[in-house]
There are 2 protein chains.
Amino acid sequence: MAALKPDQLDAVARVFRVLAEPTRLAILQELRRKPRTVNELVESLGAKQANVSKQLGILFDAGLLDRERSGNCVVYSIREPAIFELCEIVCGKLQRDARRQYATFAGKPRR
Amino acid sequence: MAALKPDQLDAVARVFRVLAEPTRLAILQELRRKPRTVNELVESLGAKQANVSKQLGILFDAGLLDRERSGNCVVYSIREPAIFELCEIVCGKLQRDARRQYATFAGKPRR
DNA sequence: TGAATATATCGCTGTTTGGCAATATAGTAA
DNA sequence: TTACTATATTGCCAAACAGCGATATATTCA
């Protein structure tokens, strides 16, 4: 892949920044199962309504979610399933790290 | 994939956070070509030595880089090539966004 | 030794941002 | 209309952090 220019790096960093937040990752994880209203997310995450709404706005503005009014409610859903590939790659790295950590304590030969 | 627990989400978010910074992405991009000393990065990035060193420390602590002393210098290199898969997925998303944006202006049928 | 170079760290500052309470807005139902 | 529910927004605060200059530490060489 060609080298990215500064403003392209900025754009990539901005996407990572959106994913760099546990509450937002939890929202994405919930929505992966099925679309949800704001209130459903508030309940399943145990977070405040204002905060869930704010984080949903950030995810939506980043183009990661779709939004649709349904009567009195607003239903959010995943627009970019590709984000879950990202999470899986990161999880793979964390598992490798954990294995290395374990090896440091337990894996070295006894003598 | 199974649902991630809160502290696993924290760990994933922490990795994304490390990648959510243009200077660090630029460093990774440079190191992808070949390993570099701090000074080489300072010159090629046009950044201050203190900042490059700080960002290298953050990347290293996150387990993304390897570090090796070579005489008077310290050579950094990529430890987790998987991060470039992450960047490519994000770039793919950005390209899709750009295409959508373009379609909004130019792609709709004229009449 | 001492000087020179390379890297890391410290203290600081301005900016960003997650979380909160309060409030505003939008839709529904009576 | 009024009351009610769902969602979004605003203003605030505290924590996190990138970038900076100055300085400390490490390594080499004379």
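Naming convention: chains lettered A, B, ... in sequence-line order (proteins, then strands); numbering from 1 in each chain.
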Please report the closest heavy-atom contact between B/Ala62 and B/Val18, naming both atoms and the distance.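 It is CB-CG2, 3.8 Å.
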Determine the minimum heavy-atom distance between B/Leu45 and B/Ala26, stating which atoms define it.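 Smallest heavy-atom distance, with atoms named: CD2-CB, 3.9 Å.
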CD of A/Glu68 versus P of D/dT7: gap in Å, rounded?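 Atom-to-atom, A/Glu68 to D/dT7, this comes out as 13 Å.
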Nearest whole angstrom, please: distance from the C1' of D/dA18 to the CG of B/Leu25.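 Going from B/Leu25 (CG) to D/dA18 (C1'), I get 14 Å.
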How far apart are the C-alpha atoms of B/Asn51 and B/Gln55, what are their side-chain angles, what is the distance that settles it, and do they pass the side chain to side chain contact (heavy atoms under 4.5 Å, CB included) test? CA-CA 6 Å; B/Asn51 195 32; B/Gln55 306 308 333; 2.9 Å; yes
Show every salt bridge (Lys or Arg N to Asp or Glu O under 4.0 Å) that has at least one partner inside [range], sequence neighbours left out.
range: residues 12-24 of chain B; answer: none
range: residues 76-93 of chain A; answer: A/Arg32-A/Glu88, A/Asp66-A/Arg79, A/Glu80-B/Arg96, A/Glu80-B/Arg100, A/Lys93-A/Asp97
range: residues 43-56 of chain B; answer: none

Which value, rounded to the nearest 0.5 Å, describes the distance between [X] atom [atom1] and [Y] atom [atom2]?
X: A/Ile27; Y: A/Leu65; atom1: CD1; atom2: CG; result: 8.0 Å
X: A/Leu4; Y: B/Cys91; atom1: CG; atom2: SG; result: 4.5 Å
X: B/Leu25; Y: B/Leu59; atom1: CG; atom2: CG; result: 8.5 Å
X: B/Gln29; Y: B/Ser44; atom1: CD; atom2: OG; result: 10.0 Å
X: B/Leu31; Y: B/Phe84; atom1: CG; atom2: CZ; result: 7.5 Å
X: B/Thr23; Y: A/Asp10; atom1: OG1; atom2: CG; result: 9.0 Å

Contacts table for residues 69-78 of chain A: side-chain donor-acceptor under 3.5 angstrom, sequence neighbours left out:
unit_1	atom_1	unit_2	atom_2	d
A/Arg69	NE	A/Gly71	O	3.4
A/Tyr76	OH	A/Arg67	NH1	3.0

Can you list everything that forms a side chain to side chain donor-acceptor pair (under 3.5 Å) with B/Arg36? Sequence neighbours excluded, please.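 B/Arg36 satisfies side chain to side chain donor-acceptor pair (under 3.5 Å) with B/Glu30 once adjacent residues are dropped.
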Hey, can you pull the residues of residues 27-43 of chain B with a non-hydrogen atom under 4.0 angstrom from DNA chain C?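 Correct list: B/Thr37, B/Val38, B/Asn39.
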Residues within residues 56-67 of chain B bordering DNA chain C, heavy-atom distance below 4.0 Å: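 Within residues 56-67 of chain B, the residues near DNA chain C are B/Arg67.
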Test of understanding: with side chain to side chain contact (heavy atoms under 4.5 Å, CB included), list the residues that count as partners of A/Ala98, not counting sequence neighbours.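 Listed in chain order: nothing, the list is empty.
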Evaluate the criterion side chain to side chain contact (heavy atoms under 4.5 Å, CB included) for residue pair B/Leu19 and A/Leu19; output intermediate values, then yes/no. CA-CA 10 Å; B/Leu19 298 173; A/Leu19 297 173; over 6 Å; no
Produce the list of close N/O pairs, under 3.5 Å, pairing protein atoms with atoms of nucleotides 19-22 of chain D; give distances to one decimal.
unit_1	atom_1	unit_2	atom_2	d
D/dG19	OP1	B/Thr23	OG1	3.3
D/dG19	OP2	B/Thr23	OG1	3.4
D/dG19	OP2	B/Asn51	OD1	3.4
D/dG19	OP2	B/Asn51	ND2	2.7
D/dG19	O5'	B/Asn51	ND2	3.2
D/dG19	N7	B/Lys54	NZ	2.9
D/dG19	O6	B/Lys54	NZ	3.1

Verify side chain to side chain contact (heavy atoms under 4.5 Å, CB included) between B/Val52 and B/Leu56, making sure each step is shown before the conclusion. CA-CA 6 Å; B/Val52 172; B/Leu56 283 168; 3.7 Å; yes
Walk along DNA chain C from 5' to 3' and tell me the first and last nucleotide with an atom closer than 4.0 Å to a non-hydrogen atom of chain B.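 From 5' to 3', the first and last contacting nucleotides are C/dT5 to C/dT9.
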Could you give the angle between the helix axes at the two ends of the helix from C/dT1-D/dA30 to C/dA30-D/dT1, with five pairs per end, rounded to 10 degrees?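 Taking five pairs per end, the axes differ by 20°.
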5' to 3', nucleotides 25-30 of chain D under a 4.0 Å protein heavy-atom cut-off (B base, S sugar-phosphate only, - none) gives -SBS--
